[in-house]
Amino acid sequence: MNYIEKLKLELGEEKVSDSLEHREAFARDESGIPELYLPDVVVHPESTEDVVKIAKIAYEHDVPMTPRGAGTSLSGGPLTVQGGILVVFDRMNHIKEIDSDNLMVITEPGVITQNLQNEVERFGMFYPPDPASLDQCTIGGNVATNAGGPRALKYGVTKHYLLELEVVLPNGEVVRFGKKTKKWVAGYDLPSLMTQSEGTLGFITEITLRLIPLPHYVQTFLVPFDDEVEASKVVSEVIARKILPRALEFIDRSSIDAAREMLPPNIPTDARAILLIELDGREDAVMAEAEEIAEICEKHSAMDIMASMDDRDRERIWQARRDLLHALEETGKIVRIEDITIPRSRIPEAVSKVYEIEKEIGLTLAIFGHAGDGNIHINILHDRGQEKLVDKVVERLCHVAVELDGTITGEHGIGILKKPHLHLEQSDRVISLQRAIKNVFDPKGIMNPGKKLP
Ligand SMILES: Cc1cc2nc3c(=O)[nH]c(=O)nc-3n(C[C@H](O)[C@H](O)[C@H](O)COP(=O)(O)OP(=O)(O)OC[C@H]3O[C@@H](n4cnc5c(N)ncnc54)[C@H](O)[C@@H]3O)c2cc1C
């Protein structure tokens with residue numbers, strides 16, 4: 001009996017599909033990689049026991065396995081580059097327990113991030129990590145990529161909320177990493193190792209996250225500028241003055257043009273950059289910080305300072321921000337999005353360098369992103385046939401990041417796209433140590449092969 005027949009027998013035909021149509025539906029992610037990576041079979045487990053059965057069969061037959069949440073990866077992480085079994089977590093989508101007494105939630109990995117946030121907010125609790133894909137991506141994918149988002153500036157990224165993980169190892173063994181307690185220092189920090197492992201060490205099948213109280217007061221501002229570099233100086237200065245907004249997003253001219261219809265109508269037509277600034281906390285503290293930020297914006301010649309009127313207004317602004325990538329794609333161009341991250345004091349330098357590269361290579365580079373974290377998303381707009389130029393831009397951007405003391409990827413991960421550049425920021429020794437860790441978890445090399453390490 002071959003391994004696909006075994007999967008069907010042990011899990012039931014309704015969870016296993018090797019039809020071409022079904023496999024094609026999972027052959028891409030959001031990275032824009034043009035190749036179609038067809039899995040040989042797609043499996044939709046409904047429990048940890050199902051995942052154990054899949055892993056045992058794959059281990060016995062030496063078949064590659066790739067975990068997949070919602071496939072919103074921007075780096076090729078869930079693509080089955082060596083075929084084999086694609087394990088899609090869309091049916092393990094239940095929140096198991098919301099524990100208000102201990103401020104935590106226990107969940108299956110396939111829960112959509114926004115659904116988890118909405119559920120815990122009903123109990124007055126807050127799960128801050130908010131990738132811009134939050135209405136599609138899964139909490140399991142967020143852990144596997146250590147997802148961040150606009151609110152990472154004040155509240156940190158996914159790993160800062162991890163308490164305990166249940167993991168199915170590539171040979172089918174079930175282990176638990178971490179503890180449900182707020183403090184825990186016994187042994188190595190294996191939950192952190194699983195975070196951002198991009199599906200290369202094992203399957204994450206249960207996640208316990210810590211929560212915090214929901215902030216009471218939130219205020220959002222849109223601030224247009226007629227000069228991108230001046231806007232980026234505001235970002236550096238706000239941080240240098242020790243003000244910590246919950247979000248501080250930068251949107252440049254090309255992104256504004258693409259998204260103009262979604263943005264409020266009163267954004268000046270000659271605006272070359274917008275800062276989206278959000279503050280939260282006690283109302284009086286928010287007001288005081290808002291005044292200080294307004295003063296910095298005015299010093300850098302802001303064209304206006306627009307405050308959101310209410311929650312609906314705020315949500316409209318954020319929806320426009322989250323849709324920026326798709327707005328750029330709707331211009332008819334293909335978009336490759338890069339997410340270098342640099343120390344925040346060096347953002348003006350980075351922005352200037354990006355525009356130098358744009359001039360030199362001749363492809364439009366639209367910048368938006370979590371500037372408050374130094375995590376700027378540079379979108380390379382191009383047509384089919386210009387892939388070599390795109391690669392050139394990516395390589396230049398990775399060099400800029402490392403020269404400015406930053407990293408080649410702040411949140412999207414290495415996947416397959418960034419593998420050629422990892423050596424720029426990590427020594428051979430550091431890479432070989434990580435390879436050794438991978439071998440301990442996955443001696444047969446069947447767990448999401450071809451990803452993460454060069
Ligand atoms: C419009 C848009 C905006 C985005 N904005 C942000 C942002 O602000 N911040 C950010 O960090 N990212 C962002 N992303 C990238 C992406 O959404 C994140 O990386 C997200 O965490 C991926 O979740 P997913 O469920 O889609 O996982 P997938 O894309 O399906 O998988 C991502 C990786 O996780 C692994 N994986 C998935 N589930 C599991 C599991 N249960 N066990 C083990 N491994 C698993 C996969 O093998 C793969 O390597 C954005 C993407 C888009 C399209």
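Sequential numbering from 1 along the given sequence is applied to the chain's residues. Whatever order the structure lists ligands and atoms in, that order sets their numbers, starting from 1.
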Quiz prompt | Thr138 N/O under 3.5 Å from ligand 1 N/O | solution = yes
Practice problem: Using distance alone, determine whether His377 and ligand 1 share an N or O pair under 3.5 Å. | Solution: no
Practice problem: Would you please say whether a donor-acceptor pair under 3.5 Å links the side chains of Ser308 and Asp313? | Solution: no
Quiz item: What's the shortest distance from atom 27 (O) of ligand 1 to any protein heavy atom, and which residue and atom give it?
Solution: Gly141 CA, 3.6 Å
Quiz item: Quick check: does Thr72 get an N/O under 3.5 Å from an N/O on ligand 1?
Solution: yes
Quiz prompt | Contact (N/O only, under 3.5 Å) between Phe89 and ligand 1 | solution = no
Quiz item: Would you call Lys96 and Glu108 a salt bridge, taking side-chain N to carboxylate O under 4.0 Å as the test?
Solution: no
Self-check item: Qualifying residue for side chain to side chain contact (heavy atoms under 4.5 Å, CB included) with Ile85, from Val41, Thr66, Ile446
Solution: Val41
Quiz item: N/O to N/O below 3.5 Å, does that happen between Pro150 and ligand 1?
Solution: no
Practice problem: State, with a plain yes or no, whether a side-chain heavy atom of Tyr155 is found less than 4.5 Å away from one of Pro129. | Solution: no
Exercise. Could you check atom 19 (O) of ligand 1 against the protein and tell me its nearest heavy-atom contact, residue, atom and distance included?
Key: Thr145 OG1, 3.4 Å
Quiz item: Would you call Glu338-Lys418 a salt bridge at under 4.0 Å N-O?
Solution: yes
Quiz item: What atoms of ligand 1 come closer than 4.0 angstrom to any heavy atom of Leu74?
Solution: 14 (N), 15 (C), 50 (C), 51 (C), 53 (C)
Self-check item: Any N or O of Ser133 closer than 3.5 Å to N or O of ligand 1
Solution: yes
Practice problem: Considering only non-hydrogen protein atoms, determine which one is nearest to atom 12 (N) of ligand 1 and report residue, atom name and distance to 0.1 Å. | Solution: His412 CD2, 3.8 Å
Practice problem: Select the closest option to atom 48 (C) of ligand 1 among Gly202, Gly410, Gly71, Gly77, judged by heavy-atom distance. | Solution: Gly77
Practice problem: Look only at interatomic distance and state if Glu411 has a nitrogen or oxygen under 3.5 Å from any nitrogen or oxygen of ligand 1. | Solution: yes
Practice problem: Report the part of Asn448 in contact with ligand 1, treating N, CA, C, O as backbone and CB onward as side chain, heavy atoms under 4.0 Å; options are side chain, backbone, both, neither. | Solution: side chain
Quiz item: Any Lys/Arg nitrogen of Lys56 or Glu10 sitting under 4.0 Å from an Asp/Glu carboxylate oxygen of the other?
Solution: no
Quiz prompt | Ion pair check, Glu315 and Arg322, cut-off under 4.0 Å | solution = yes
Quiz item: Based purely on interatomic distance, does Phe203 place a nitrogen or oxygen under 3.5 Å from a nitrogen or oxygen of ligand 1?
Solution: no
Quiz prompt | Side-chain heavy atoms of Lys180 within contact of Arg210, under 4.5 Å | solution = no
Practice problem: Ignoring angles and geometry beyond distance, decide whether Pro109 reaches within less than 3.5 Å of ligand 1 through its nitrogen or oxygen atoms. | Solution: no
Exercise. In sequence, state the C-alpha distance, the side-chain angles, and the governing distance for Ile33 and Arg28, and then conclude on side chain to side chain contact (heavy atoms under 4.5 Å, CB included).
Key: CA-CA 8 Å; Ile33 294 172; Arg28 290 192 195 285; over 6 Å; no
Self-check item: Backbone or side-chain N or O of His326 under 3.5 Å from ligand 1 N or O
Solution: no
Quiz item: With a 4.0 Å cut-off, would you call Arg346 and Glu349 a salt bridge?
Solution: yes
Quiz item: Of the listed options (Cys137, Ala132, Pro129), which comes nearest to atom 6 (C) of ligand 1 when hydrogens are ignored and any heavy atom counts?
Solution: Ala132
Self-check item: Electrostatic pair Glu228:Arg253 at N-O distance under 4.0 angstrom
Solution: no
Quiz item: Does ligand 1 have an atom under 4.0 Å from some heavy atom of His370?
Solution: yes
Quiz item: So, are Lys15 and Asp50 salt-bridged, with charged N and O less than 4.0 Å apart?
Solution: yes
Exercise. Using heavy-atom distances, let me know which of Ser75, Ala70, Gly140 sits nearest atom 24 (P) of ligand 1.
Key: Ala70
Exercise. Could you check atom 1 (C) of ligand 1 against the protein and tell me its nearest heavy-atom contact, residue, atom and distance included?
Key: Leu325 CD2, 3.8 Å
Exercise. Check each atom of ligand 1 against the heavy atoms of Ala144 and keep those under 4.0 Å away; list them by number with element.
Key: 34 (O), 35 (C), 36 (N), 44 (N), 45 (C)
Self-check item: Identity and distance of the protein heavy atom lying nearest atom 11 (O) of ligand 1
Solution: Gly148 N, 3.0 Å
Practice problem: Would you mind finding which of Pro45, Ser73, Gly110, Gly413 brings a heavy atom closest to atom 29 (O) of ligand 1? | Solution: Ser73
Self-check item: Under-4.0 Å salt bridge between Lys451 and Glu198
Solution: no
Quiz prompt | Arg23 bridged to Glu21 by N-O distance under 4.0 Å | solution = no
Quiz item: Is a salt bridge present between Arg151 and Glu278, judged by a nitrogen-to-oxygen distance below 4.0 Å?
Solution: no
Self-check item: Note: Asp18-Lys8 ion pair, threshold 4.0 Å (strictly below)
Solution: yes
Quiz prompt | For atom 47 (O) of ligand 1, closest protein heavy-atom neighbour | solution = Pro67 O, 2.6 Å
Exercise. Give the contacting part of Ile204 toward ligand 1: side chain, backbone, both or neither, where contact means a heavy-atom distance below 4.0 Å.
Key: both
Practice problem: Go through ligand 1 atom by atom and flag the ones less than 4.0 Å from a non-hydrogen atom of Ala147. | Solution: 11 (O), 21 (O)
Quiz prompt | Sidechain N-carboxylate O distance under 4.0 Å for Lys154, Asp280 | solution = yes
Quiz item: For ligand 1, which atoms have a heavy atom of Glu30 less than 4.0 angstrom away?
Solution: 53 (C)
Quiz item: Among all protein non-hydrogen atoms, which one is nearest to atom 20 (C) of ligand 1, and what is the separation to 0.1 Å?
Solution: Asn142 ND2, 3.6 Å
Exercise. Tell me which one of Met92, Glu198, Arg322, Arg321 gets a heavy atom nearest to atom 49 (O) of ligand 1.
Key: Glu198
